Protein chains: 2
Amino acid sequence: MTDQDNGRVKRGQRRGARGPTVADVARLAQVSPMTVSRVVNSDPKVHEATRAKVEKAIAELGYVPNLAARSLAGGRQCRIGLLHSNPSSAYLSEFLVGSNEQANAMGAQLLVEHFEEEASREALAAKLLSHRVDAVLLPPPLSDDGLLLECINRAGLVMAQVATGAPSPLAHAVTIDDEAAAYALTARLTGLGHRRIGFIGGAPNQTASALRRNGYRRALAEAGIDGDRRLETTGDFTFRSGMDCALALLSLDEPPTAIFASNDDMAAATVAAAHRMGLDVPRQLSVCGFDDTASATNVWPELTTARQPVADMAREAVRLLVDSVFDPKARAPRHVRVDFSLVLRASDATLTAPRAG
Amino acid sequence: MTDQDNGRVKRGQRRGARGPTVADVARLAQVSPMTVSRVVNSDPKVHEATRAKVEKAIAELGYVPNLAARSLAGGRQCRIGLLHSNPSSAYLSEFLVGSNEQANAMGAQLLVEHFEEEASREALAAKLLSHRVDAVLLPPPLSDDGLLLECINRAGLVMAQVATGAPSPLAHAVTIDDEAAAYALTARLTGLGHRRIGFIGGAPNQTASALRRNGYRRALAEAGIDGDRRLETTGDFTFRSGMDCALALLSLDEPPTAIFASNDDMAAATVAAAHRMGLDVPRQLSVCGFDDTASATNVWPELTTARQPVADMAREAVRLLVDSVFDPKARAPRHVRVDFSLVLRASDATLTAPRAG
DNA sequence: TGTTGAAATGGTAGCGTTAACGCAGATGAG
DNA sequence: CTCATCTGCGTTAACGCTACCATTTCAACA
């Protein structure tokens with residue numbers, strides 16, 4: 001370098017007092033900026049000793065890569081559109097926290113967009129493209145909207161369905177085993193001695209609803225209980241629908257001694273319905289929910305339910321999407337299944353005496 | 001540099017098939033890239049005709065600014081740390097949607113971080129700095145954490161408190177008039193003929209709690225009701241605490257005929273407590289909540305409450321923060337007050353007959 | 001008439017990072 | 001001992017945009 005920067009004030013000297021850059025780290029570690037970049041991106045072709053030197057320098061300066069520069073230089077940029085219609089807000093908040101966290105960690109940008117189910121799917125696709133979205137994240141109930149999936153697929157975007165009962169060949173999917181969870185919960189009720197167990201199903205247009213119903217039926221069958229179809233009702237995951245179904249079930253000639261609701265909101269409604277009819281929960285009626293959202297602990301008594309790790313599922317889905325966007329080889333739809341767990345609280349109990357008619 | 005690039009195939013020709021750039025727009029509009037930039041950033045010093053030409057070109061090409069390049073070139077970059085401890089998830093989800101939207105619109109990056117109230121505030125400040133956060137967004141209850149505010153201020157970061165009862169001179173603040181909202185709600189109850197109105201206060205460490213209590217007291221006073229301090233209880237905004245307070249109130253020798261709870265979760269608990277004691281809501285007990293979160297409609301009957309426009313408040317707070325980060329002149333703490341509204345539903349009613357002891 | 005200066009526009013040099021390629025030195029094959 | 005190959009690292013040129021001047025135009029003013 002013949003030309004020293006001998007004090008002359010270059011015109012564009014607009015470098016503010018921002019954080020250290022690769023160049024600073026490189027100088028300190030006595031390597032080239034490129035090597036620093038390699039270390040930061042964990043390129044395997046860096047000598048161990050060099051890597052250590054660089055890492056030491058990084059730590060010393062408290063260097064943090066500049067995301068803007070990275071995505072500009074890398075040419076790569078990942079915008080994820082998160083579409084939500086109206087899942088329970090408890091679900092959404094957990095979902096948002098998880099996806100936001102992962103997106104930030106992976107240097108992706110998250111665009112949260114509300115989508116009215118009545119709105120035109122074509123217009124949506126156009127909107128996504130105009131926002132330069134690369135991938136779309138679909139929490140329920142949108143994850144089950146076949147038309148929407150097709151539409152987005154036609155626009156050439158990668159997608160991930162979260163908590164769907166029917167993973168599409170067009171998209172990544174992250175699910176729990178809904179059938180097994182519903183089975184486990186129902187089996188718990190039969191284990192407590194219940195033989196007349198009511199069921200409140202979720203919205204029929206959500207594929208997970210059917211899986212939960214199947215789990216319920218299998219548990220009954222395995223307990224040798226002859227399923228009474230009058231005990232099966234169908235709601236739409238809202239509190240209000242849960243209330244209607246629960247009132248109907250409890251008004252039967254031979255009412256159930258336990259009710260399994262397909263989500264916590266409907267289970268909470270069931271508890272409210274029981275109270276409305278003067279029944280004690282769990283003494284006279286056991287109730288189980290599903291999801292373990294905030295609703296589960298915002299009722300009295302608190303609900304026994306199946307925990308769905310919503311935030312983790314969102315994180316996983318974002319990971320799948322970002323990988324797909326950055327690496328075309330990772331584009332083949334993958335289906336990740338995460339574990340659920342039973343959360344035992346106070347809304348269910350051993351069957352004591354049949355309810356006095 | 002003596003060595004010309006005499007025809008040799010330039011090495012780095014890595015421009016992918018990405019969207020149009022300022023240069024493309026400039027070419028089409030026959031202006032310089034700089035002018036395009038001015039138009040995009042709505043710089044006033046652009047002739048009307050030029051602006052129109054450029055805008056036409058932009059529309060024609062479907063140009064969208066590259067955020068990465070913008071923040072890199074501008075040197076400006078705004079990272080907002082959103083700290084949340086454990087507000088109700090219904091509140092959080094609305095808050096997240098609003099802040100995310102605004103942050104994206106203004107080209108800021110949102111980092112959502114959970115903060116345990118027991119955790120060290122110093123460690124947090126260090127963490128924020130190491131994440132290169134420029135501003136901090138504080139929803140309740142963190143917006144009332146004085147130590148936290150001081151700590152963040154000491155780290156030299158801009159802050160915004162949302163829904164605090166005591167705007168700090170160190171931070172921006174976005175609030176509603178809690179006192180007036182509580183007054184309005186309580187006045188509605190007195191208007192319905194109630195004279196024994198119970199009160200369930202929020203967590204004492206949240207300044208809004210006191211304001212709501214004041215509103216309640218003022219309404220009683222103006223209705224000529226002699227406040228009975230036994231009717232005032234203190235919860236902590238959780239369902240469980242609401243349950244405890246409600247049970248205590250309803251077990252008084254002379255129980256109230258209406259209860260005003262300082263948030264919807266506690267109001268929902270009050271409804272549950274009433275049902276538990278065999279009271280009909282609203283016939284035997286009127287209940288009012290506060291916030292209009294999802295909890296308000298996830299009980300039966302649905303709650304009359306005061307609506308706090310959480311998403312709007314989050315948006316406004318983000319706007320204040322981003323402005324402050326980009327423009328030091330806008331750094332002087334500002335206090336924005338947004339309007340609340342009363343949402344009348346089914347949980348309150350005219351006082352009919354005094355409750356049968 | 002020349003001067004001033006504000007308004008409107010253009011030219012250029014970066015911002016911090018990485019892709020693509022270059023180039024030594026080490027290793028292995030023939 | 002030469003040629004091909006691989007390792008490890010450096011050099012250069014983008015990425016798309018905007019800050020910082022410089023320049024032009026044209027009206028107002030001395």
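Residue numbering restarts at 1 for every chain, and letters A, B, ... go by the order of the sequence lines. The structure displayed is predicted, hence computed values, not measured ones.
- Picking from D/dG10, D/dT18, D/dC17 the nucleotide with the shortest atom distance to the side chain of B/Tyr63 gives D/dC17.
- Rounded to whole Å, atom P of C/dG10 lies 10 Å from atom CD of B/Gln30.
- In this structure, A/Met34 places its CE atom 16 Å from P of D/dA14, rounding to the nearest Å.
- Between the CG atom of B/Asn66 and the C1' atom of C/dG16 there is a distance of 14 Å, given to the nearest Å.
- Distance, B/Leu72 CG to D/dA14 C1': 12 Å, rounded to whole Å.
- B/Val31 comes within 4.0 angstrom of the backbone, heavy atoms only, and of no base.
- No donor-acceptor pair closer than 3.5 Å links the side chain of B/Asn41 to the backbone N or O of B/Asp43.
- Shown here for A/Pro333 and A/Pro169, the closest heavy-atom pair between the two residues is CG-O, 3.2 Å.
- The CD atom of A/Glu48 sits 10 Å away from the P atom of D/dC9 (whole-angstrom rounding).
- Atom CG in B/Asp24 sits about 11 Å away from atom P in D/dC15, given to the nearest Å.
- B/Thr35 has a side-chain polar atom (N or O) that falls below the 4.0 Å cut-off from OP1 or OP2 of C/dG10.
- Nearest heavy atom pair, residue B/Leu149 against residue B/Leu138, reads CD2-CD1, 3.6 Å.
- Using a 4.0 Å heavy-atom cutoff across all strands shown, B/Thr50 reaches sugar-phosphate atoms only and no base atom.
- Between the CZ atom of A/Arg70 and the P atom of D/dA14 there is a distance of 22 Å, given to the nearest Å.
- Following rounding to the nearest Å, A/Leu61 (CG) and C/dG16 (P) show an atom-to-atom distance of 14 Å.
- At distances below 3.5 Å, at least one donor-acceptor pair connects side-chain atoms of B/Ser324 with backbone N or O atoms of B/Ala330.
- At a cut-off of 3.5 angstrom, the base of D/dG10 holds at least one donor-acceptor pair with the side chain of A/Arg38.
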